[in-house]
Amino acid sequence: MLDAIYFHIPFCSQKCGYCDFLSFASDGEMRKKYVNYLIKEISLYPEYKYDTVYFGGGTPSLLEYKDVEKIIKNIEVAPCAEVTMEVNPKTVDLNYLKKIRSLGVNRLSMGVQSFNDRLLKILGRIHNSQEAIDTYLDARKAGFKNISLDLMFSLPGQTIEDVRTELKQLFKLRPEHFSIYSLIWEEGTPFYKKLEKGEFQITDNDKEAEMYELIISEAEKAGYVHYEISNFALPGFEARHNSKYWENREYLGIGLGASGYIKDLRYKNQVQFFQYYDSIDNGIIPIMEKEKVEKKEFKEYEYILGLRLLKKGIKPEKEYLGKCLKLEKTGFLERKENSFVLSKKGIMLANDVLTEFL
Ligand SMILES: C[S@@+](CC[C@H](N)C(=O)[O-])C[C@H]1O[C@@H](n2cnc3c(N)ncnc32)[C@H](O)[C@@H]1O
Ligand code: SF4
């Protein structure tokens, strides 16, 4: 059943040095035009009823509240749906947050990245730590009861003590959910260039593993459930939209460069504005690439994504049972009732374990 929709908003005030997500500088006019095309794109699909709606980016909070309203009014949102918007600190004020709340946005995902001003500067963020905390507190004042914060670790020059300090600040705020990603050195980014020039160094594997172990143990002590490799939630606040990705369920992706999964087709939209607009003007769904998911690939996705869900795991069918038993024997998987889940050792080496299912 298709009941999830993702909108990609490809605009940012300033590009962060490490990021290679699809996003550009923009002005109000460009953003208005883009929103009109999002609405035209939705009309190219049959009408569905959405139980989860996700505005991601980029920086969706650069959209005017009227534009967010326009999009929401053009789709059918189920009662009790989870409606998430990614919000960048310093791009919104209390008034904006109250307005989007009144439109039905009931979950925020805030990109904090770090509470350390030195690291925030290195990352090229537009806010300092206090400004991120202020946006978070404004969101509480606006009535948001489900907030997720994004953080990163394994950053240039970051120490174990730095990570400990980040976690203390995080747990003081006590968001319902947080995601924490180890830095990926994306080719072509300013960070990557600095790495090549020797201005930055990659954190060594042992130190990165030590940081990750610290995050897991401190989060658990603070009452968070480590339910996905990079995601932690207070009980009952697991991300409903993202969980659908990991459960290998269908979702509609709308917008420039958005990916989606409908029936047996995984697709990615055009990544150039002119091609995206041109296709929609011609009444054609603006897909750039598609992959037909045959039975074998469906299974691969099911295992690779399913194992990311650390509490749920996978229920292997006959042809995969041997592989699971072998990984159990070597200590990477463990049994949980009828399922297999990643063990502690498996979580630390998740990428290697997951590729076993390819
Ligand atoms: C799509 S971004 C959007 C978030 C929002 N625009 C912001 O930055 O505040 C989602 C998250 O991906 C993470 N991220 C982006 N680039 C990354 C990289 N190179 N390595 C690890 N995590 C990254 C950041 O934590 C970011 O908050
Ligand atoms: S991390 Fe977020 S704010 Fe920074 S460039 Fe990427 S999408 Fe934009």
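Remember, it's 1-based here, ligands and their atoms both numbered in the order they're listed. Worth saying up front: this structure is predicted, and the values here are computed from it rather than measured.
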Under the ring-ring contact (aromatic ring centres under 6.0 Å, His included) criterion, do Tyr34 and Phe11 qualify, and how do the steps go?
CA-CA 10 Å; Tyr34 183 74; Phe11 307 115; 5.3 Å; yes
Between Glu69 and Lys73, does at least one N-O distance fall below 4.0 Å, as a salt bridge requires?
yes
If you measure every N/O of Tyr181 against every N/O of ligand 1, is any gap under 3.5 Å?
no
Around atom 15 (C) of ligand 1, find the nearest protein heavy atom and jot down its residue, atom name and distance.
Phe21 CE1, 3.3 Å
In the protein, what heavy atom is nearest to atom 6 (Fe) of ligand 2, and what distance, to one decimal place, separates them?
Cys19 SG, 2.3 Å
Quick note on ligand 2: atoms under 4.0 Å from a heavy atom of Gly58 include exactly 7 (S)
For atom 11 (C) of ligand 1, the closest protein heavy atom turns out to be Asp150 OD2, 3.3 Å
Please work out, at 4.0 Å between heavy atoms, whether the side chain, the backbone, both, or neither of Arg125 comes within that distance of ligand 2.
side chain
Nearest 0.5 angstrom please: Glu220 CD to Glu218 CD, how far?
10.5 Å
Using heavy atoms and a threshold below 4.0 Å, how should the contact between Ser182 and ligand 1 be classified: side chain, backbone, both, or neither?
backbone
Leu94 and Lys98: side chain to side chain contact (heavy atoms under 4.5 Å, CB included), yes or no, with the steps?
CA-CA 6 Å; Leu94 178 58; Lys98 279 184 181 161; 4.0 Å; yes
Which class fits the ring pair Tyr251 and Tyr261: parallel under 30°, tilted 30 to 60°, perpendicular over 60°?
perpendicular
Side chain, backbone, both or neither: which part of Met110 has a heavy atom under 4.0 Å from ligand 1?
neither
Numbered in order shown, the ligand 2 atoms found under 4.0 Å of a heavy atom of Tyr18 are 1 (S)
Below 4.0 angstrom from a heavy atom of Asn88, which ligand 2 atoms are there? Numbered from 1 as shown, please.
3 (S)
Could you identify the single nearest non-hydrogen protein atom to atom 4 (C) of ligand 1 and state the distance to 0.1 Å?
Glu86 OE1, 3.8 Å
Heavy-atom contacts with Glu186 under 4.0 Å: which atoms of ligand 1 show up? List them by number with element.
19 (N)
Which residue and non-hydrogen atom of the protein lie closest to atom 1 (C) of ligand 1, and at what distance in Å?
Gly57 O, 2.9 Å
Please determine if Glu213 and Lys344 form a salt bridge, counting it only when a charged side-chain N lies under 4.0 Å from a carboxylate O.
no
Please report whether ligand 1 has a polar contact with Cys19, defined as an N or O pair separated by less than 3.5 Å (distance criterion only).
no
Which atoms of ligand 1 are found less than 4.0 Å from any heavy atom of Gly111?
7 (C), 9 (O)
Angle between ring planes, His226 versus Tyr212, binned at 30° and 60°: parallel, tilted or perpendicular?
perpendicular
Do Ser109 and Tyr54 have side-chain heavy atoms sitting under 4.5 Å apart?
yes
Quick check: do Ile287 and Lys268 have side-chain heavy atoms less than 4.5 Å from each other?
no
Under-4.0 Å salt bridge between Lys90 and Asp134:
no
Side chains of Phe7 and Ile5, heavy atoms from C-beta outward: is any pair under 4.5 Å?
yes
Would one find an N, O or S atom of Cys16, in either backbone or side chain, under 2.8 Å from atom 4 (Fe) of ligand 2?
yes
Region of Arg125 engaging ligand 1 - heavy atom pairs below 4.0 Å:
side chain
As an exercise, identify every atom of ligand 2 less than 4.0 angstrom from a heavy atom of Cys12.
3 (S), 5 (S), 7 (S), 8 (Fe)
Regarding Asp138 and Lys141, does a basic nitrogen lie under 4.0 Å from an acidic carboxylate oxygen?
yes
Check step by step if ring-ring contact (aromatic ring centres under 6.0 Å, His included) holds for Phe232 and Tyr224.
CA-CA 6 Å; Phe232 298 78; Tyr224 287 86; 7.4 Å; no
Distance to 0.1 Å, residue and atom name: give those for the protein heavy atom nearest to atom 20 (N) of ligand 1.
Ile184 N, 2.9 Å
The closest protein heavy-atom partner of atom 6 (N) of ligand 1 is Gly58 O, 2.7 Å
Closest non-hydrogen protein atom to atom 5 (C) of ligand 1, residue and atom name please, with distance?
Asn88 OD1, 3.1 Å
Nearest non-hydrogen protein atom to atom 17 (C) of ligand 1, with distance, is Tyr18 CD1, 3.7 Å
Using 4.0 Å as the upper bound for N to carboxylate O, is an ion pair formed by Lys32 and Glu64?
yes
Proximity winner for atom 25 (O) of ligand 1, if only heavy atoms of Lys90, His8, Gln113, His127 are counted
Gln113
